[in-house]
Structure formats: C-alpha cells, structure tokens
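Atoms considered below: every heavy atom in the structure, side chains included; atoms not considered: hydrogens, waters and symmetry mates.
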Amino acid sequence: MEMKILSCTVNGKPVQVGYDVRECLLDTLHDRLGLTSVKRGCEVGECGACTVLIDGVATDTCLYLTAWAEGKTIETVEGLQAPDGTLDPVQQAFVDEFAVQCGFCIPGIIMSAEELVRTGKTYTRDEIRKALSGHLCRCTGYQNIITAVERAVDLVNGFVGEDGDAA
Ligand code: FES
Ligand code: FES
C-alpha cells in the first residue's frame, strides 16, 4: 500500500490527512476525517449520497480520487451550521418542509441544493427536479425535497419573506 498526505481545506479549516493512493475521497472524508454526512451508497456514481462541494461544484466523492483533491476546498453538511447552532437556510428549508425521512440521502441533496442556491438564480420546479436527478431517495417520494429546495432558493435570494410570503 502506498500512502500519501493530502493537504486541502475542509469546511473552512486547513486539513492534512494520510490516504492510500488508490482511495476515493468518500473513504477519506467518511473514514479518516469522520465526516459521516458523506454517505456510502452505491459507490458507482448512481445515488448521489456521497455528494460534497469541491471548489463549489457538487461532486460524487465515490468517483473522485483523493489525490485529485490536493489544494481543493471541500464542503460537507458538517460545515453548514453556524457556530451558534443556527441552521443554514437550505437545512432549515428541509426542516420546514418536512423533507427528511430516514435522512440517508439528505446530506448529498443538501450539498447539491447549496450549489443551486449560491448561483443567485431562480429555478422552476422542473429545473430543480432535473438538477437533483442524480440523487436517489428511498423514502420521500421527492415532492417535499423539491419544495424545500424551491423554498431555499427563494429565501436566500430574497424572493420571499421569512414567513414564506412573496416579498
Ligand atoms: S455512493 Fe457515490 S453516487 Fe452513490
Ligand atoms: S430520506 Fe431516506 S433515503 Fe431519502
């Protein structure tokens, strides 16, 4: 086994971690750094459960070699909450819309939603559905998830008030 050291930024902090050169980023984040929001689902790029943001782009970490993450900025759900415990608007929208059941798929979906929200654009329901089409959920039937992302996009970009009414 050949080991190397990865230097990157994870959730705003500089990180150095040893890894096997054959390893995917999913294993490094989940097993070595203890970031358990990064889920091991299909491991072949089909379910989206392992999605994180790499330099702001939603990425399946089961298909991404750890070696490629050298110098990159990685964000996972663990980094979204404010220090005082306040949820990020996307997380809060998932709570408000009852969009979580078992929760297994949700961290990956939230990170894809973060990518959408940060563009500052509006999205139709169909566009959101298409953007999340790489994510499989065994529980929710997707309606509440799509509604939560719609709400988060609108909230963050000021298209509705905090009470959910049109601004
Ligand atoms: S575990 Fe990576 S896409 Fe399913
Ligand atoms: S909430 Fe259970 S898999 Fe999506």
Rounded to the nearest 0.5 Å, what separation is found between the OG atom of Ser112 and the NE2 atom of His135?
2.5 Å

How far does CD of Glu75 sit from CE of Met111, to the nearest 0.5 angstrom?
5.5 Å

To the nearest 0.5 Å, what is the distance between OG1 (Thr124) and NZ (Lys130)?
9.5 Å

I'd like to know if the side chain of Thr119 and the backbone of Leu116 have a donor-acceptor N/O pair within less than 3.5 Å.
yes

Among Thr59, Ile54, Val57, find the one that has a side-chain contact (heavy atoms from CB on, under 4.5 Å) with Lys72.
Ile54

Can you find a heavy atom in the side chain of Gln16 that is under 4.5 Å from one in the side chain of Ser7?
yes

Contact between Gln81 and Asp88 at the side-chain level, heavy atoms closer than 4.5 Å - yes or no?
no

So, do Val95 and Leu87 sit near enough that their side-chain heavy atoms are less than 4.5 Å apart?
yes

Residues passing the salt bridge (charged side-chain N to carboxylate O under 4.0 Å, His left out) test with Glu23, sequence neighbours excluded, are Arg32

side-chain contact (heavy atoms from CB on, under 4.5 Å) assessment of Tyr64 paired with Cys24
CA-CA 6 Å; Tyr64 192 97; Cys24 66; over 6 Å; no

Single-linkage hydrophobic cluster Tyr123~Leu53, side-chain heavy atoms < 4.5 angstrom
yes

Considering only NZ, NE, NH1 and NH2 on the basic side and carboxylate oxygens on the acidic side, decide whether Asp126 and Arg129 come within less than 4.0 Å.
yes

Heavy-atom pair of closest approach, residues Asn157 and Val117
ND2-O, 3.8 Å

With rounding to the nearest 0.5 angstrom, report the CG to CD distance, Leu35 to Glu78.
4.5 Å

Kindly give the heavy-atom pair with the smallest separation between Gly45 and Leu63, and that separation in Å.
CA-CD1, 3.6 Å

Can you check side-chain contact (heavy atoms from CB on, under 4.5 Å) on Phe94 and Ile145, steps first, answer last?
CA-CA 7 Å; Phe94 273 70; Ile145 289 174; 4.1 Å; yes

Is there a donor-acceptor pair under 3.5 Å between the side chain of Glu70 and the backbone N or O of Ala67?
no

Assess whether a salt bridge exists between Asp20 and Lys4, defined as any Lys/Arg side-chain N lying under 4.0 Å from an Asp/Glu carboxylate O.
no

Single-linkage hydrophobic cluster, 4.5 Å side-chain cutoff, Val100 and Val149 together
yes

Nearest heavy-atom approach of Thr122 to Glu127 is O-OE1, 4.2 Å

Please round to the nearest 0.5 Å and tell me the distance separating atom CG of Asn144 and atom CD of Glu150.
11.5 Å

For Gln92 and Asp96, test the side chains for any donor-to-acceptor distance below 3.5 angstrom and give the result as yes or no.
yes

What is the minimum heavy-atom distance between Thr28 and Tyr19, and which atoms define it?
OG1-CB, 4.1 Å

Do you know the tightest heavy-atom contact between Leu6 and Ala69?
CD1-C, 3.5 Å

Given the rule in the side-chain contact (heavy atoms from CB on, under 4.5 Å) test, do Leu33 and Val15 qualify, once you have shown the distances and angles that lead to the verdict?
CA-CA 9 Å; Leu33 295 176; Val15 164; 4.0 Å; yes

Could you check Arg138, Arg40, Lys39 and say which one makes a side-chain contact (heavy atoms from CB on, under 4.5 Å) with Phe104?
Lys39

Run the side-chain contact (heavy atoms from CB on, under 4.5 Å) check on Ile5 and Val17 step by step: do they pass?
CA-CA 5 Å; Ile5 304 281; Val17 58; over 6 Å; no

For Lys121 versus Val153, what's the shortest heavy-atom pair and its separation?
O-CG1, 3.5 Å

Common cluster, Leu132/Leu155, ILVMFWY with side-chain heavy-atom separation under 4.5 Å:
no

Counting distance only, does the side-chain N/O of Glu46 pair as donor-acceptor with the main-chain N or O of Gly41 below 3.5 Å?
no

Donor-acceptor contact below 3.5 Å, side chain Asn11 vs main chain Thr76:
yes

CZ (Arg22) and CE (Met1) are apart, to the nearest 0.5 Å, by 6.0 Å

In this structure, which one of Leu26, Leu25, Asp31, Asp27 forms a side-chain contact (heavy atoms from CB on, under 4.5 Å) with Leu29?
Leu25

Establish, from distance only, whether the side-chain atoms of Thr36 and His30 form a donor-acceptor pair under 3.5 Å.
no

Are any side-chain N or O atoms of Ser37 and backbone N or O atoms of Pro107, one a donor and one an acceptor, separated by less than 3.5 Å?
no

Are Leu65 and Ile74 grouped together when hydrophobic residues (ILVMFWY) are joined by side-chain heavy atoms under 4.5 angstrom apart?
yes

Under a single-linkage definition using a 4.5 Å side-chain heavy-atom cutoff for Ile, Leu, Val, Met, Phe, Trp and Tyr, are Ile106 and Val90 assigned to the same hydrophobic cluster?
yes

Between Glu97 and Thr147, do the side chains contain a donor N or O and an acceptor N or O under 3.5 Å apart?
no

